[in-house]
2 protein chains.
Amino acid sequence: MEGQISKTSAVEAKAGTASAEGGKGARGSQSLADRLFLTLRSEIVEGRIAAGSKISEPELARRFDASRGSLREALMRLESLSLIERKVNVGARVVDLTERGLLEIYDVREALEGMACRLAAQNRSEEDLGELRQMLHRHEQQEELQKGTAYFQPEGDFDFHFRIVQASHNDLLIDTLCNKLYYRVRMYRYQLGMASPRAHRAFREHSHIIEAIEAGDGELAEILMRRHIRASRSNIENKLSKQN
Amino acid sequence: MEGQISKTSAVEAKAGTASAEGGKGARGSQSLADRLFLTLRSEIVEGRIAAGSKISEPELARRFDASRGSLREALMRLESLSLIERKVNVGARVVDLTERGLLEIYDVREALEGMACRLAAQNRSEEDLGELRQMLHRHEQQEELQKGTAYFQPEGDFDFHFRIVQASHNDLLIDTLCNKLYYRVRMYRYQLGMASPRAHRAFREHSHIIEAIEAGDGELAEILMRRHIRASRSNIENKLSKQN
DNA sequence: ACCCTATAAAGTGTCGACAATCTGAAGTCG
DNA sequence: CGACTTCAGATTGTCGACACTTTATAGGGT
């Protein structure tokens, strides 16, 4: 007994912001609760629903012209992403953005993305390598274009990490990072607005990581990725300690 | 006779995001959906509801004398643990136990528990060290008692990994492992019935890991834990390849 | 015998309403 | 004047019913 592989998870990882308004044009096999979930996720990540604010089920239900039942399903999915917290008989609140929470995310990312690099190097396919090289080339041109200014915003960085993880071919890892953790990462980036000021350095580091993956050197790829993330963490840490 | 609540002795997790709420939460989590969730989780983990089997909402609702609404909430929570999979307009199935899925879990655990060890060594408190030593002592006596026979079943091993993760003091890490991933690990252990045949070796490895944490050597602790988990993974891998 | 179509059955998605609980303010007593 | 009790308002948890989709079954055509 073996064989059946659950490809179900990694598919949904679309970064594209779904239509903010309830334009019912969507064809498809997605439920109302599904659409509510996607919309609310965007609003929370982008801060249109403030971090730490209370969520009123009746109010949101009226706003989206849906029943409380469907809305509750959306809220529970948001809870499973740790974007909101629910207490019984009290209600739901958007999570707070804390310094500690952000640093904790970095530690987890260091571990998981390091492993993703190792696996990507071990299981590398010509197809993955092609996409990675292509992406790096795009980013290089972007960087040439706007010298020094933030390396195409955080989006370029996101793109990089996203594809590396995909190349690991470990569905659990992909799901944990791309479908769960990354939404909270984006929430921090949007709302604490940290455009990485490590433009050139970050690009070079990305480049070296992909080289290691190409060479099939999983150990090196892991080390480089962990160092890359830890540098980013230190950077944030300094920034935050100065702010206070 | 229904066991109702999981008798997960030493292994009961605390919800994530330990906000400094002074009074011990202590309030019974008395939502009906909550109880259904706990009951179903046990039944799935222990295999009383077979892996891969279809789940009928009306049938389960009748069986527990609850409405479909409450049951659906429980099911969605199970989905967020990856214990069941739901497809729109089709229904829910208990996840399959696949060789690939099991190995993927080991890779993720290697990354996360390795990091947990590193953090535990960095943030070690006298309280945590005391508990770890005490636990190790208990396990040692257990081992003396039943020489060689499976090191107090997998429970001892579980206890070890559980407490190490707690000692990391990273709430995200704790939540990811203890409140999410470990239930699937337990599901595999119960149903593929793999009592680790690495009794003495596992105990010695545990011992060395805790020594490294005591010494504050995060790097060594991480390396040892990763080696420990990788050995367990290889062990399983061999076992499975022989079975086929 | 096979394939396609149409109908019936079952199951899921969604909704509105009722009951239990919590929050907050007014009122009372020391 | 302050602390406790009481009560009203609002919110969450739970339920049963209805609409739509999927699936299984039976029938007819080639």
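What's counted below: heavy atoms across the whole structure, side chains too, no hydrogens, waters or symmetry copies. First the proteins, then the strands, lettered A, B, ... as listed; each starts at 1.
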Problem - For chain A, the stretch of DNA chain D it reaches, first to last nucleotide, under 4.0 Å of its heavy atoms - result: D:dT12 to D:dT14

Exercise for the section: State which residues pass salt bridge (charged side-chain N to carboxylate O under 4.0 Å, His left out) with B:Arg124; sequence neighbours excluded, sorted by chain then number. Expected result: none

Handout entry: Partner residues of B:Arg62 under the side chain to side chain contact (heavy atoms under 4.5 Å, CB included) criterion, sequence neighbours left out
Key = B:Pro58, B:Glu59

Completion exercise
side chain to side chain contact (heavy atoms under 4.5 Å, CB included) filter on B:Ala61, not counting sequence neighbours, yields B:Arg68

Problem - Ring geometry between A:Phe162 and A:Tyr182 (parallel below 30°, tilted from 30 to 60°, perpendicular above 60°) - result: tilted

Handout entry: For B:Ser67, side chain to side chain contact (heavy atoms under 4.5 Å, CB included) partners two or more places apart
Key = B:Ser70

Exercise for the section: Determine whether A:Leu173 and A:Thr176 make a side-chain contact, defined as any pair of heavy atoms from C-beta on separated by less than 4.5 Å. Expected result: no

Problem - Distance-minimising heavy-atom pair for B:Ile164 and B:Ala120 - result: O-CB, 4.3 Å

Could you list the protein-to-nucleotides 7-13 of chain C atom pairs, N/O on both sides, closer than 3.5 Å?
from   : atom 1 : to      : atom 2 : distance (Å)
C:dT12 : OP1    : B:Ile55 : O      : 3.4
C:dT12 : OP2    : B:Glu57 : N      : 3.4
C:dG13 : OP1    : B:Asn89 : N      : 3.4
C:dG13 : OP2    : B:Arg72 : NH1    : 2.3
C:dG13 : OP2    : B:Arg72 : NH2    : 3.2
C:dG13 : OP2    : B:Arg86 : NH2    : 3.4
C:dG13 : N7     : B:Arg68 : NH2    : 2.9
C:dG13 : O6     : B:Arg68 : NH1    : 3.1

